[in-house]
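In what follows, a single structure is set out as structure tokens and then discussed.
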Amino acid sequence: MKLLDIAKSWYLFIKADAEDLQKAETKINICDGCPDKVQMSEFGQYIINAVNSESSTYKCGLCKCPLASKVFSAGTCPAGNW
Ligand code: SF4
């Protein structure tokens with residue numbers, strides 16, 4: 001994922017509109033059932049909870065991206081699940 005895509009996904013994580021949230025929810029539901037998701041470090045969980053305590057505190061075990069922001073990116077699932 002390019003740096004600009006990463007920055008945009010974090011921006012949308014914080015400022016998403018209803019349409020962005022709906023798209024992200026579809027993706028996070030797929031990630032929730034994925035065996036490749038892994039729990040973030042305690043520090044990572046702290047950061048995510050500080051921004052939005054209802055967001056996922058898991059990351060993708062394949063690309064290592066936090067799922068809370070990854071699901072808002074224009075990127076794709078590295079396993080082809082979305
Ligand atoms: S992005 Fe893809 S591989 Fe990573 S946790 Fe989500 S569904 Fe699994």
Side-chain angles (χ1 to χ4, degrees):
M1 197 163 28
K2 295 177 185 166
L3 194 57
L4 188 59
D5 290 336
I6 294 170
K8 186 177 178 188
S9 68
W10 278 100
Y11 174 78
L12 288 176
F13 172 51
I14 297 166
K15 301 285 284 181
D17 63 21
E19 184 179 352
D20 297 324
L21 286 170
Q22 188 167 12
K23 289 178 186 172
E25 188 174 336
T26 299
K27 294 176 182 176
I28 203 72
N29 285 339
I30 295 170
C31 292
D32 277 344
C34 178
D36 289 316
K37 76 171 187 181
V38 293
Q39 184 72 69
M40 295 176 70
S41 67
E42 285 189 24
F43 179 70
Q45 293 177 53
Y46 174 81
I47 296 296
I48 295 296
N49 283 326
V51 178
N52 183 344
S53 62
E54 295 181 11
S55 292
S56 173
T57 56
Y58 286 83
K59 64 182 177 181
C60 176
L62 300 182
C63 68
K64 313 301 183 203
C65 294
L67 294 178
S69 59
K70 180 175 180 63
V71 294
F72 288 102
S73 77
T76 58
C77 163
N81 294 329
W82 49 262

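Each ligand, and each atom within it, is numbered from 1 in the order the structure gives.
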_Under 2.8 Å from atom 4 (Fe) of ligand 1, is there any N, O or S atom belonging to Cys60?_
yes
*Begin from the C-alpha positions of Ile30 and Cys77 and carry the test side-chain contact (heavy atoms from CB on, under 4.5 Å) through to its verdict.*
CA-CA 10 Å; Ile30 295 170; Cys77 163; over 6 Å; no
*Confirm or rule out an N/O/S atom of Cys31, from backbone or side chain, lying less than 2.8 Å from atom 6 (Fe) of ligand 1.*
yes
*What do the steps show when you test Val71 against Phe13 for side-chain contact (heavy atoms from CB on, under 4.5 Å), and what is the final call?*
CA-CA 8 Å; Val71 294; Phe13 172 51; over 6 Å; no
*asked:* I'd like to know if the side chain of Ser73 and the backbone of Ser69 have a donor-acceptor N/O pair within less than 3.5 Å.
replied: no
*Quick one: does Lys70 get within less than 4.0 Å of ligand 1, heavy atoms only?*
yes
*State the atoms of ligand 1, each with its element, that fall below the 4.0 Å cut-off from a heavy-atom position in Ala79.*
3 (S)
*So which protein heavy atom does atom 7 (S) of ligand 1 come closest to, and at what separation?*
Asn81 ND2, 3.5 Å
*Could you list who else is in Leu62's hydrophobic cluster, with ILVMFWY side chains joined at under 4.5 Å, directly or through other members?*
none
*With heavy atoms of Leu62 as the reference, note each atom of ligand 1 found under 4.0 Å away.*
3 (S)
*To which protein heavy atom is atom 2 (Fe) of ligand 1 closest, and what is the distance rounded to 0.1 Å?*
Cys77 SG, 2.2 Å
*With side chains defined as the heavy atoms from C-beta onward, is the minimum distance between Lys70 and Lys27 less than 4.5 Å?*
no
*Where is the nearest protein heavy atom to atom 5 (S) of ligand 1: which residue, which atom, and how far?*
Cys34 SG, 3.8 Å
*More than 12 heavy atoms of other residues, nucleotides or ligands under 6.0 Å from NZ of Lys23: is that the case?*
no
